[in-house]
Amino acid sequence: MTSQGISRQPKYQRIADALRAAIQAGEYGPGDRLPGENDLMATYEVARMTARQALGVLQNEGLTEARKGAGVFVRAFKPLRRRGIQRLAQEQWGSGRSVWSADSEDRELVVDQIEVREGEADDRVCDVLGVPAGTRVWVRSRRFVLDGKPVLFAVSYLPADIVGDSVVTQVDTGPGGVYARLAELGHGPVHFREEVRSRMPSAAEAERLALSVGTPVIQIVRTAFAGGGRVVEVNEMTLDSASYVLEYDFDAQG
């Protein structure tokens, strides 16, 4: 960037860049308190609003968190590495392990806000499932909280003619989760497709995931296919973008 480009950069952004560089260099580690508004005002000779904006940039990026009455601190939360391919391997859920165990390792994972119900699917979901509009499906919604931080909210839609009267309609689906139960029903997934995009959250999503103002979410829609190409699940996941690294490891195609 030219010196002219740097001079045109807003003051709050230059301060945020300097603080971010200090965090990345290890000058401020996880849990450390950053200079407050008064410190930044004195160091950079700026107004309080400029100092506040600079600190807000780092909060929006998920690097820091504000603690009421205490200041702004470097987040101690370690981003979750979502291994998009390994987590869905049949040897994972087929052996009774949760697909989440490939991501969370030994960290504390809590699943809450669980709701399981039967109802009519909307046209969008019916189209993906390949069923007529208004077809009844089972809906499973749940939130995942890692190390005390909400990181993901997921809603799955499953055909009622496959999972009705099975343990899939219960809160606890048992070892290996839904995919293991689908396999027992003769409809185990053999292929997955995931669509990924980034967007800003709704007010309800921001509250559910305890997001800082300005933090985007990652939306992943996964479609699970059984043998013969039948869709057996549509899973819409909303992720806190500041809590995730998406990792895809695969061989080059011949």
Side-chain angles (χ1 to χ4, degrees), residues 1-84 103-105 107-108 143-153 194-220 237-249:
M1 182 180 292
T2 64
S3 58
Q4 184 178 17
I6 294 175
S7 64
R8 289 178 178 175
Q9 191 180 37
K11 289 182 179 179
Y12 78 87
Q13 189 64 61
R14 296 204 300 271
I15 298 171
D17 289 348
L19 291 173
R20 186 189 306 104
I23 293 172
Q24 293 171 343
E27 295 177 30
Y28 298 103
D32 286 349
R33 182 181 182 277
L34 291 182
E37 292 178 8
N38 291 336
D39 298 322
L40 296 178
M41 289 167 61
T43 300
Y44 293 96
E45 300 181 346
V46 295
R48 182 173 300 279
M49 181 57 67
T50 301
R52 186 170 299 168
Q53 285 178 299
L55 293 171
V57 167
L58 301 182
Q59 286 180 249
N60 291 344
E61 292 176 357
L63 291 175
T64 64
E65 58 184 0
R67 300 176 189 170
K68 191 172 182 179
V72 175
F73 296 78
V74 179
R75 283 186 70 184
F77 182 84
K78 176 184 175 183
L80 184 63
R81 187 167 294 274
R82 183 182 188 273
R83 297 174 172 85
D103 304 335
S104 58
E105 298 172 338
R107 301 168 68 181
E108 181 185 5
R143 186 179 69 162
F144 296 83
V145 181
L146 189 68
D147 295 342
K149 170 71 177 72
V151 294
L152 177 149
F153 185 78
E194 288 193 342
E195 299 175 355
V196 183
R197 76 183 188 85
S198 180
R199 60 174 174 78
M200 296 307 295
S202 67
E205 289 170 334
E207 180 179 3
R208 180 171 283 152
L209 293 174
L211 300 177
S212 300
V213 175
T215 302
V217 293
I218 300 170
Q219 180 174 309
I220 300 178
M237 295 163 276
T238 305
L239 292 66
D240 170 12
S241 63
S243 296
Y244 274 90
V245 173
L246 305 186
E247 177 183 303
Y248 294 92
D249 182 6

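Excluded from the calculations below are hydrogen atoms, water molecules and symmetry mates; all remaining heavy atoms, backbone and side chain alike, are included.
- Between atom CE of residue Met200 and atom OG1 of residue Thr215 there is a gap of 7.0 Å, rounded to the nearest 0.5 Å.
- Sparse packing is recorded around CD of Glu207, with 12 or fewer heavy atoms of other residues, nucleotides or ligands lying under 6.0 Å away.
- In this structure, OG1 on Thr43 lies 10.5 Å from CG on Asn38, to the nearest 0.5 angstrom.
- A salt bridge links Arg199 and Glu205; the closest N-O separation between the charged side-chain nitrogens and carboxylate oxygens is under 4.0 Å.
- From Leu246, atom CG reaches atom CG of Leu239 across 7.0 Å, with rounding to the nearest 0.5 Å.
- The shortest distance between side-chain heavy atoms of Arg208 and Thr238 does not fall below 4.5 Å.
- Nearest heavy-atom pair across Phe73 and Gly31 is CD2-O, 3.4 Å.
- The shortest side-chain heavy-atom distance between Pro201 and Leu209 does not fall under the 4.5 Å cut-off.
- The heavy-atom pair separating Gly36 from Leu55 by the smallest distance is C-CD1, 4.4 Å.
- A heavy-atom distance below 4.5 Å is found between the side chains of Val196 and Tyr248.
- Side-chain contact between Leu34 and Ile23: present, with at least one pair of heavy atoms (C-beta onward) separated by less than 4.5 Å.
- The CG atom of Leu19 lies 5.5 Å from the CG atom of Leu40; values are rounded to the nearest 0.5 Å.
- Remark: Asp39 pairs with no residue by the side-chain hydrogen bond (donor to acceptor under 3.5 Å, both in side chains) rule, at least two apart or across chains.
- Annotation: the span from Arg75 atom CZ to Leu58 atom CG amounts to 12.5 Å, rounded to 0.5 Å.
- Looking at heavy atoms from C-beta onward, Tyr244 lies in side-chain contact with Leu152 at the 4.5 angstrom threshold.
- A distance of 11.5 Å separates OG1 in Thr50 from CZ in Arg48, rounded to the nearest 0.5 Å.
- Checked by atom type and distance alone, the side chain of Ser241 pairs as donor or acceptor with a backbone atom of Pro216 at under 3.5 Å.
- With sequence neighbours excluded, no residue forms a side-chain hydrogen bond (donor to acceptor under 3.5 Å, both in side chains) with Glu27.
- Arg20 and Asp17 are joined by a salt bridge, as a carboxylate oxygen and a charged side-chain nitrogen come within less than 4.0 angstrom of each other.
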*Show the numbers, then the answer: is there a side-chain contact (heavy atoms from CB on, under 4.5 Å) between Leu146 and Lys149?*
CA-CA 5 Å; Leu146 189 68; Lys149 170 71 177 72; 5.7 Å; no

